[in-house]
There are 2 protein chains.
Amino acid sequence: MGISKSENFSERENEIAALLKALAHPARIAIVEYLLSVDSCICGDIVNHLPLAQPTVSQHLKELKNAEIIQGTIEGTAICYCINEKTLKKIQLYFGKLENKMKSKCC
Amino acid sequence: MGISKSENFSERENEIAALLKALAHPARIAIVEYLLSVDSCICGDIVNHLPLAQPTVSQHLKELKNAEIIQGTIEGTAICYCINEKTLKKIQLYFGKLENKMKSKCC
DNA sequence: TTTGTTTATTGCAATATTACGATATATATT
DNA sequence: AATATATATCGTAATATTGCAATAAACAAA
């Protein structure tokens, strides 16, 4: 993106926006759904499952890891990636709170 | 973003990614929360409430409108913006489904 | 220690996003 | 009609994202 004036928004607004941004790509959605659907979560499996080159997938994994949406543990040469449930639940809770504020007031 | 190979992902993955992308900016989060918190929803109020220039806010409103997260109705010279509850509920439902798939299987 | 395997990093081209001044448009008021 | 008000659009600079080839790094096995 261009210059984002994040310093003028609240920490809360920046935090939820950053979490959603980390998920806001079809490849990263696909990664999260894949990790939720399989037992194994070896990085190579994810690479094979996506229509993207290995470095590109690695980059998407890094973004998800930075946002704490996934986490990885080393297993010999491979890396086992999995969902960080805490973060996904935090996002779900956020939308739950939004729904509670809906009152169908105008338009 | 750069070239996004969206044609290689499912419609479902692209759709949810696009919805999240529309929300993935602190200004747009602030707009949604503001619309949920006030009764009035005149465009000018939103502009005054945000630390951004009017054309920038207008651009963010357009993105939210394109994603059908908000909708606007003309009221004389002004425009009344409000939340499209259906879309927010769709997002909430999505994260609810994700949570159902969590099984704490590895890592 | 050489070789193979797996994942991460670097560097770069193509494209998208963000922000805003200037300006246009559309409606209301006088 | 002229003016004021409210919002959208255009043009553009600055920066971010996406994707991948090439390469590095880290570890295992021979």
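Just so you know, these numbers use all the heavy atoms, side chains as well, and skip hydrogens, waters and symmetry mates. Within every chain, numbering begins at 1; the chains are lettered A, B, ... in the order of the sequence lines, protein sequences first and strands thereafter.
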Novice: Among the candidates D:dA22, D:dA8, C:dT7, find the nucleotide nearest to the side-chain atoms of A:P55.
Specialist: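 Of the candidates, D:dA22 comes closest.
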
Novice: Starting from the 5' end of DNA chain D, give me the residue, B:K5 or B:C43, whose nearest nucleotide shows up first.
Specialist: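 First, find each residue's nearest nucleotide; the 5'-ward one identifies B:C43.
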
Novice: Would you give the length of the straight line joining atom CD of A:E15 to atom NZ of A:K90, rounded to the nearest 0.5 angstrom?
Specialist: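 If I round to the nearest 0.5 Å, the distance is 4.0 Å.
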
Novice: Got a second to check how far B:I31's CD1 is from B:H49's NE2, nearest 0.5 Å?
Specialist: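 So the CD1 of B:I31 and the NE2 of B:H49 are separated by 10.5 Å.
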
Novice: Give the nucleotide from the list D:dC20, C:dT7, D:dA8 with an atom nearest to the side chain of B:I79.
Specialist: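 When the side chain of B:I79 is considered, D:dA8 is the closest of D:dC20, C:dT7, D:dA8.
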
Novice: How many whole angstroms separate atom CD1 of A:I29 from atom P of D:dT18?
Specialist: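 Result: 12 Å.
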
Novice: Nearest to the B:H25 side chain among D:dA8, D:dG19, C:dT18, which nucleotide is it?
Specialist: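 Out of D:dA8, D:dG19, C:dT18, the nucleotide with an atom closest to B:H25's side chain is C:dT18.
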
Novice: Name the pairs: protein N/O against N/O of nucleotides 25-30 of chain C, kept only if under 3.5 Å.
Specialist:
residue : atom : partner : partner atom : Å
C:dA28  : O4'  : B:T77   : OG1          : 3.4

Novice: Could you identify which residues of residues 56-69 of chain B place a heavy atom less than 4.0 Å from some atom of DNA chain C, listed by residue number, or say none?
Specialist: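 Nucleic-acid contacts, sorted: B:T56, B:Q59, B:H60, B:E63.
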
Novice: Considering all heavy atoms of both residues, which atom of B:L19 and which atom of B:A67 are nearest to each other, and what is their separation?
Specialist: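 B:L19 and B:A67 have their closest heavy atoms at CD2-O, 3.5 Å.
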
Novice: Once salt bridge (Lys or Arg N to Asp or Glu O under 4.0 Å) is applied, do any residues pair with B:E13, and if so which ones, sequence neighbours excluded?
Specialist: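 Not a single residue meets the salt bridge (Lys or Arg N to Asp or Glu O under 4.0 Å) criterion with B:E13.
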
Novice: Find the distance B:L52:CG to C:dA19:C1' and express it as a whole number of Å.
Specialist: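 Result: 8 Å.
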
